[in-house]
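One structure is given here, and the rest of the page talks about it.
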Amino acid sequence: VQLVESGGGSVQAGGSLRLSCGVSGYADRYAYMAWFRQAPGKEREGVASIGGYTNTRYSEAVKGRFTVSKDRASYTLYLQMDNLKPEDTAIYYCALSTMDTMLTFQVLQSTSYRYWGQGTQVTVSS
């Protein structure tokens, strides 16, 4: 199983970026997937998750600014990030779970996900 992220970069505060994560080698296209991020000196935190194609959850830090989606045909996970803030600066990782079902508290926990991408850097300047 391979997850490959792209779309990171540098942007000024208030700007937008769109991250992509292509999945290969995994058959279940309804699998739970999520985006996590890790800033220097901080723990990895869950940002957004999607179960199937419509069951989405967001952390309070990004709710209303980020949108997670998934394309079935290409098996690609997206994260549209708008109104970016300097505190969004981090390495962003996509992740895929092998769990068939999740409780709400599990969807943004890193332990719920088995496969991870290599990460892509997002830097937001003020």
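This is a predicted model, so every value here is computed, not measured. Values below: all heavy atoms of this structure, side chains included; hydrogens, waters and symmetry mates excluded.
- Rounded to the nearest 0.5 Å, atoms CG (L3) and OH (Y115) are 10.0 Å apart.
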Side-chain atoms of residues 103-112: list all donor-acceptor pairs with protein atoms under 3.5 Å, sequence neighbours left out, distances to 0.1 Å.
unit_1, atom_1, unit_2, atom_2, d
Q106, OE1, L103, N, 2.7
S112, OG, Q106, O, 2.8

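- Scanning both residues, F66 and Y58, for their nearest heavy atoms gives O-CE2, 3.2 Å.
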Enumerate donor-acceptor pairs with a distance under 3.5 Å from any side-chain N or O in residues 80-89 to protein atoms, sequence neighbours excluded.
unit_1, atom_1, unit_2, atom_2, d
Q80, NE2, D82, OD1, 2.9
D82, OD1, S16, OG, 2.8
D88, OD1, R37, NH1, 2.9
D88, OD1, R65, NH2, 3.0
D88, OD2, R65, NH1, 2.8
D88, OD2, R65, NH2, 3.4
D88, OD2, K85, N, 2.7
T89, OG1, P86, O, 2.9
T89, OG1, V124, N, 2.9
T89, OG1, V124, O, 3.4

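- The shortest distance between side-chain heavy atoms of Y26 and T98 falls below 4.5 Å.
- Nearest heavy-atom pair, S20 versus T76, reported as atom, atom and distance to 0.1 Å: CB-CG2, 4.2 Å.
- Side-chain contact between M102 and S97: present, with at least one pair of heavy atoms (C-beta onward) separated by less than 4.5 Å.
- Hydrophobic clustering, with ILVMFWY side chains joined whenever heavy atoms are under 4.5 angstrom apart, keeps V11 apart from Y78.
- Inter-residue side-chain proximity for Y75 and L96 is flagged as met; some heavy-atom pair is nearer than 4.5 Å.
- In terms of heavy-atom proximity, Y93 sits nearest to G117 at CD2-O, 3.6 Å.
- Contacts of E43 classified as salt bridge (Lys or Arg N to Asp or Glu O under 4.0 Å), with partners at least two apart in sequence or in another chain: none.
- The minimum heavy-atom distance linking V1 with G25 is given by the pair CG2-O, 3.5 Å.
- Annotation: side chain of K70 is in contact with side chain of M33 (closest heavy-atom distance under 4.5 Å).
- Counting all heavy atoms, side chain and backbone alike, G119 lies closest to I91 at CA-CG2, 3.8 Å.
- The distance from the CG atom of D71 to the CG atom of L77 is 10.5 Å, given to the nearest 0.5 Å.
- The closest side-chain heavy-atom distance from N55 to I50 is not below 4.5 Å.
- Taking each heavy atom of A90 and A39 in turn, the nearest pair found is CB-N, 3.8 Å.
- Side-chain heavy atoms closer than 4.5 Å link hydrophobic residues (I, L, V, M, F, W, Y) into clusters, and following such links, possibly through other members, connects V122 to V62.
- The shortest side-chain heavy-atom distance between W35 and L19 falls under the 4.5 Å cut-off.
- To the nearest 0.5 angstrom, E5 atom CD is 5.0 Å from C21 atom SG.
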Verify ring pair (Phe, Tyr, Trp, His ring centres under 6.0 Å) between Y32 and Y113, making sure each step is shown before the conclusion. CA-CA 8 Å; Y32 278 89; Y113 296 85; 7.6 Å; no
